[in-house]
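What follows is a single structure, written as structure tokens, with notes after it.
Order of the sequence lines fixes the chain letters, A, B, ..., with proteins taken first and strands second; residue numbering starts at 1 for each chain.
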There are 2 protein chains.
Amino acid sequence: MTSVSTRRKRASRGSGEQLREEIIAATKDLLAESANSDAVSIRGVADAVGVTPPSIYLHFADKDALIEAVVADVFNELDAAMLAAAVGIERPMEVLCAYGLAYVQFAIEHPEHYRVATMERCPVEGQPGHLDMVLADAAFTHFMATVSACMDAGVFAKGDPLPVTLELWSAAHGVAALMIAKPFLPWGERLETANRVLRAAAIGRAVSDRLGGEMTAADVEDWLAAQRIGP
Amino acid sequence: MTSVSTRRKRASRGSGEQLREEIIAATKDLLAESANSDAVSIRGVADAVGVTPPSIYLHFADKDALIEAVVADVFNELDAAMLAAAVGIERPMEVLCAYGLAYVQFAIEHPEHYRVATMERCPVEGQPGHLDMVLADAAFTHFMATVSACMDAGVFAKGDPLPVTLELWSAAHGVAALMIAKPFLPWGERLETANRVLRAAAIGRAVSDRLGGEMTAADVEDWLAAQRIGP
DNA sequence: GCCGCTAAGTTATCGCCGGTAAGTTAGCGC
DNA sequence: GCGCTAACTTACCGGCGATAACTTAGCGGC
């Protein structure tokens, strides 16, 4: 009857919320060693917490809601990691790189959490809510503010920082996601590779701004072939 | 007893392989309208083909093997789309952009196929096999050959094309994967956005080659702020 | 003291899943 | 028409998400 982990004592009257936190923590732990969110089961979580499956549903409408709560938690952790990596740095471009590197490092260190947060299908019906959830997300706002600062510093062309933020985020996500999904590829020193990609994305964006958007690929090829050395 | 779809006639003696193709096709169809590979069931596939579930196991060891076969099929389609997009184009940089755009377009048009192929966890034990599977994959080799041609044309610094290919692929994957995972974000015209990202990645890589790898983020910021206009 | 009320759980069950063992049917060679 | 085997089916196992219905424990009121 009893599961591997000990049975949990019933929470005292006022504090049912305590179980909620335990459930989220246990789900995060189980997620860390699972292939995806389908691989962690309500039953497994319940067992880890020391409770029976239906008790989970007292705190979460369904499994998706539980996973969503974990994802929100993960994004907060990610933001904290980014902020910590940029503390004391002033120049916007350095902050941008620090953010990006911390982002990729977090993904590498918590691959399954990152996968669930950014690579699984979002419920389609939650469109407006999820849009706000990403754009209002702390990590995203901090990132976009830094892009804005880079514009002020003359690194990027002045304008709406949102599309630039999305583009740079794409680069960071690309390298992080591929390293997670195809870990056996010859990535070399992962953070160095990530750094190269991030820097190339930023430089490419900045140079594109200066070259103008109407250049064809052939024009770019000619221009690049003509550039032998830096300034 | 009878399912929605009609019962399939038993295949004639010599040709059991025909069912295999039908299974793959049906799985691809079901995958196209599912959240992930866990959401398509062996039972669903069997029903769509007009057969009972255990018959699937006559052709595939387990569900993973079936999904893997579908993924291989998808990668072949992807390669075909890339090749088709670059037919008649000669200049390597234009080919590179055409490949990248076709890649992202394929991902946008077949989001669930792309997700299963590139965003779900690979079986860990298959390391060497999967490494070859990606690196020897037709799309990847074609892409890397074009990177090599770009080096010969003086666009990128000459050297091993593999790391550059991985970096550019990361950029393409990043924008494709994010557009799929977060479709509600303000991407604007998706292919235009993808084009900007891809071009920025290529330019950034090329300019980075010329600037040298030892520049700090602050150096880059200074250099960029000093660059007012093109050549 | 004990009673109602409700928070905090449990037991039992449903239908679906991946997968397997064992049985059945149909067609070819002889 | 008989054996052989390819091409299936029926019946089943344990585990899953989810729900309905039941039980237990503690607090306020009298």
Side-chain angles (χ1 to χ4, degrees), chain A residues 1-24 26-27 30-31 33-70 116 120-121 123, chain B residues 1-24 26-27 30-31 33-70 116 120-121 123:
Chain A
M1 275 319 131
T2 58
S3 61
V4 176
S5 71
T6 59
R7 184 69 132 272
R8 182 173 172 278
K9 285 274 175 246
R10 179 195 277 249
S12 61
R13 182 81 172 194
S15 55
E17 288 301 299
Q18 158 190 352
L19 177 56
R20 187 190 153 92
E21 302 306 317
E22 289 182 39
I23 292 172
I24 292 182
T27 307
L30 289 178
L31 217 40
E33 51 201 32
S34 304
N36 56 55
S37 62
D38 289 294
V40 8
S41 65
I42 291 284
R43 287 166 148 86
V45 172
D47 187 70
V49 174
V51 100
T52 57
S55 297
I56 306 289
Y57 295 95
L58 297 175
H59 297 279
F60 301 94
D62 54 15
K63 190 176 172 177
D64 281 349
L66 169 57
I67 298 295
E68 202 168 319
V70 173
V116 170
E120 297 204 352
R121 168 124 108 180
Chain B
M1 275 320 133
T2 60
S3 61
V4 176
S5 71
T6 59
R7 183 70 131 274
R8 183 173 171 277
K9 285 274 176 245
R10 178 195 277 247
S12 61
R13 182 79 172 194
S15 55
E17 288 301 299
Q18 157 190 350
L19 177 57
R20 188 190 153 92
E21 302 306 317
E22 290 182 39
I23 291 172
I24 292 181
T27 307
L30 289 178
L31 217 40
E33 51 200 31
S34 304
N36 56 55
S37 62
D38 288 295
V40 7
S41 66
I42 292 282
R43 287 167 148 86
V45 171
D47 187 71
V49 174
V51 99
T52 56
S55 297
I56 307 288
Y57 295 95
L58 296 175
H59 297 277
F60 301 93
D62 54 15
K63 190 176 173 178
D64 280 349
L66 168 57
I67 298 296
E68 202 169 319
V70 172
V116 170
E120 299 203 350
R121 168 125 108 179

For [X], report the nucleic acid contact type (base, sugar-phosphate, nothing); a contact means any heavy atom under 4.0 Å.
| X | result |
| --- | --- |
| B:Ser41 | sugar-phosphate |
| B:Ile42 | sugar-phosphate |
| A:Val45 | nothing |
| B:Asp62 | sugar-phosphate |
| A:Pro54 | base |

(message) Taking donor-acceptor contacts at under 3.5 Å, does the side chain of B:Arg10 reach the base of C:dA26?
(response) no
(message) Counting distance alone, no hydrogens or angles: does the base of C:dG18 have a donor or acceptor under 3.5 Å from a partner atom on the side chain of B:Arg43?
(response) yes
What integer distance in Å separates [X]:[atom1] from [N]:[atom2]?
| X | N | atom1 | atom2 | result |
| --- | --- | --- | --- | --- |
| A:Ile56 | C:dA8 | CD1 | C1' | 13 Å |
| A:Phe60 | D:dG17 | CZ | P | 14 Å |
| B:Asp47 | D:dT9 | CG | P | 12 Å |
| B:Ile23 | D:dA7 | CD1 | C1' | 12 Å |
| B:Leu66 | C:dC17 | CG | P | 15 Å |
| A:Asn36 | D:dC16 | CG | P | 14 Å |
| A:Asp38 | D:dG15 | CG | C1' | 14 Å |
| A:Leu30 | D:dG15 | CG | C1' | 16 Å |

(request) Over all heavy atoms of both residues, which pair between A:Leu30 and A:Ala48 is shortest? Give the atoms and the distance, please. (result) CD1-CB, 4.4 Å
(request) Could you work out which one of D:dT19, D:dC8, C:dG9 sits closest to the side chain of A:Ser55? (result) C:dG9
(request) Tell me which nucleotide among C:dG9, D:dG17, D:dT10 gets nearest to the side chain of B:Thr52. (result) D:dT10
(message) Reading DNA chain C from 5' onward, which residue's closest nucleotide shows up sooner: B:Gly44 or A:His59?
(response) A:His59
